[in-house]
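Heavy atoms only: backbone and side chains are in, while hydrogens, waters and symmetry mates are out.
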Amino acid sequence: MLYNTFQHIPGIGKKTEEKIWKKQILTWDLFLSEHKKINISESKIKKICKYVELSKIEIEKKNHLFFLPLLSRSMHWRAYPEFADNCCFLDIETTGLSRDYHDITTIAVYDGKESKVFIQGKNLDEFRSEIKKYSLIVTYNGICFDIPFIEQKLPDIGFDHLHVDLRFALKKIGYSGGLKSIEKQLGIVREGDICDVDGYEAVRLWKRYKRGDKRALDKLMKYNIEDVVNLKTLMDITYKNLREKSFSCIQ
DNA sequence: CTACGGAGCTGAGAAAATCA
DNA sequence: TGATTTTCTCAGCTCCGTAG
């Protein structure tokens, strides 16, 4: 819902955006044609028009870097439909929680259709070029965990993506308590033989693989893929909810 | 085992609205 | 027009919770 968004304009906050929406001006184009209806100062109108024109051009170019410095993190979810074609769901498995003492084992990336797994000791390097394809990344707790972890282990990757962290987005719509718990609350079920796998089990699977158990790696990959595929389901639900919640001020 | 940025709150200061 | 009040944005501050 970037097309409905005005809060990325400097000096425009929640209040002004709601004021605009309440006049049934829900889109950039409607603002340009009908801004006379709104009771806000001339200087703000001018500024908004300028930024709306710019935003239209940049969104046409699919240039997420225009929006990155303007849009606060907590609103990156609004760019989900506009950047759906350049969006990926990301999750890593590691040998532990500490960036200093532990390593990445696998990274799963799902573009909404296909999933890929990058594996330590095999093709982890290919993740560098893969991630460059995307404008928007969706994770769970990735802001605190996955992204800083990857940045430390693969320091030459410069993350310049829009980023929806579902941990915080889901909290806004009333869900908290860990990814597995939220999946349960929403009735998302995991497949048979990996329904009992959690993060710590993923660490043990990697150790079994390193001791020569090839099937342990298959199971780990399967788990990692299921994680990212489920992220899309969660993102779809979250987006729909947050959008409705935003517009609930219009009555 | 561990760090990090989000949410939420507060107050400063700018901008805008109101009044004389 | 100039002075005062009100509204609004934003930066700074703690605290908390989640990841393998």
Item to check | Whether A:Thr106 side chain and A:Met221 backbone form a donor-acceptor pair below 3.5 Å | outcome: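 Side chain of A:Thr106 to backbone of A:Met221, a donor-acceptor pair under 3.5 Å: no, none is there.
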Checklist entry - If we ignore angles and hydrogens, is there a donor and acceptor under 3.5 Å between the side chains of A:Asn141 and A:Asp165? => result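 A:Asn141 vs A:Asp165: no donor-acceptor pair found between side chains.
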Next on the checklist: Quiz question: by atom type and distance under 3.5 Å, do the side chains of A:Ser181 and A:Gln185 form a donor-acceptor pair?
Outcome noted: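 Indeed, the side chains of A:Ser181 and A:Gln185 share at least one donor-acceptor pair under 3.5 Å.
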Next on the checklist: Please report whether the ring centroid of A:Trp206 lies less than 6.0 Å from that of A:Tyr209.
Outcome noted: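 Between A:Tyr209 and A:Trp206, the centre distance is under 6.0 Å.
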Item to check | 5' precedence on DNA chain B between A:Arg73 and A:Lys19 (nearest-nucleotide basis) | outcome: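 The residue whose closest nucleotide sits nearer the 5' end is A:Arg73.
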Rounded to whole Å, please give me the gap between [atom1] in [X] and [atom2] in [N].
X        : N      : atom1 : atom2 : result
A:Tyr140 : C:dG20 : OH    : P     : 10 Å
A:Trp77  : B:dG6  : CH2   : P     : 16 Å
A:Tyr209 : C:dG20 : OH    : P     : 20 Å
A:Leu70  : C:dT9  : CG    : P     : 16 Å
A:Ile20  : C:dT9  : CD1   : P     : 10 Å
A:Glu151 : B:dC4  : CD    : P     : 11 Å
A:Phe159 : B:dC4  : CZ    : P     : 15 Å
A:Leu97  : B:dC1  : CG    : P     : 11 Å

[atom1] of [X]: more than 12 outside heavy atoms within 6.0 angstrom?
X        : atom1 : answer
A:Lys240 : NZ    : no
A:Lys219 : NZ    : yes
A:Lys153 : NZ    : yes
A:Asn39  : CG    : no

Next on the checklist: Test: side-chain hydrogen bond (donor to acceptor under 3.5 Å, both in side chains). Region: residues 66-83 of chain A. Which pairs qualify, not counting sequence neighbours?
Outcome noted: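 Sorted pair list: A:Thr5-A:Arg78, A:Glu17-A:Arg78, A:Ser72-A:Ser74, A:Tyr80-A:Asp236.
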Kindly state which residues belonging to [range] come within less than 4.0 angstrom of DNA chain C, counting heavy atoms of the residue only, listed by number.
range                       : result
residues 4-17 of chain A    : A:Pro10, A:Gly11, A:Ile12, A:Gly13, A:Lys14, A:Lys15, A:Thr16
residues 31-50 of chain A   : none
residues 236-250 of chain A : none
residues 141-150 of chain A : A:Asn141, A:Cys144, A:Phe145

Holding to salt bridge (charged side-chain N to carboxylate O under 4.0 Å, His left out), I want the full list of residues that pass it with [X], two or more places apart in sequence or in another chain.
X        : value
A:Lys172 : none
A:Asp227 : A:Lys180, A:Arg190
A:Lys56  : A:Asp29

Checklist entry - If you look at every strand shown and take non-hydrogen atoms under 4.0 Å, does A:Asp103 touch a base, only sugar-phosphate, or nothing? => result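 The residue A:Asp103 makes no contact with any strand.
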Next on the checklist: Do A:Lys36 and A:Ile45 make a side-chain contact, defined as non-hydrogen atoms from C-beta onward lying under 4.5 Å apart?
Outcome noted: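 Not touching, per the 4.5 Å side-chain cut-off.
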Item to check | Side chain proximity check, A:Ile48 to A:Phe31, heavy atoms < 4.5 angstrom | outcome: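 Contact flag for A:Ile48/A:Phe31 side chains = yes.
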Next on the checklist: Within residues 213-232 of chain A, which residues have any heavy atom lying less than 4.0 Å from an atom of DNA chain B?
Outcome noted: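 Correct list: empty, so none.
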Checklist entry - Counting only non-hydrogen atoms, which of residues 165-189 of chain A are less than 4.0 Å from DNA chain B? => result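 Those residues are A:Phe168, A:Lys172.
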Checklist entry - Are the charged groups of A:Glu130 and A:Lys133 less than 4.0 angstrom apart, N to O? => result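 Looking at A:Lys133 together with A:Glu130, the answer is yes, because their closest N to O distance falls below 4.0 Å.
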Checklist entry - Taking OP1 and OP2 of B:dC4, is either one under 4.0 Å from a side-chain nitrogen or oxygen of A:Arg99? => result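 True: A:Arg99 side-chain N/O within range (under 4.0 Å) of B:dC4 OP1/OP2.
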Checklist entry - Out of B:dT2, C:dT18, B:dA7, which nucleotide sits closest to the side chain of A:Ser98? => result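 Selected nucleotide (nearest to the side chain): B:dT2.
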Next on the checklist: Do A:Val229 and A:Tyr140 sit in one hydrophobic cluster, given that two such residues count as connected whenever their side-chain heavy atoms are within less than 4.5 Å of each other, even indirectly?
Outcome noted: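 Same cluster.
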Checklist entry - Relative to each other, are the rings of A:His64 and A:His161 parallel, tilted or perpendicular (30° and 60° limits)? => result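 It falls in the parallel class, under 30°.
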Checklist entry - To which residues is A:Phe145 joined in a hydrophobic cluster, defined by side-chain heavy-atom contacts under 4.5 Å among Ile, Leu, Val, Met, Phe, Trp and Tyr, whether direct or through other members? => result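 Besides A:Phe145, the cluster holds A:Leu90, A:Ile92, A:Leu97, A:Ile104, A:Ile107, A:Val109, A:Phe118, A:Leu124, A:Phe127, A:Ile131, A:Tyr134, A:Ile137, A:Ile147, A:Phe149, A:Ile150, A:Leu154, A:Ile157, A:Phe159.
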Item to check | Residue pairs involving residues 164-201 of chain A (criterion ring-ring contact (aromatic ring centres under 6.0 Å, His included); sequence neighbours excluded) | outcome: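 Listed by first then second residue: nothing to list.
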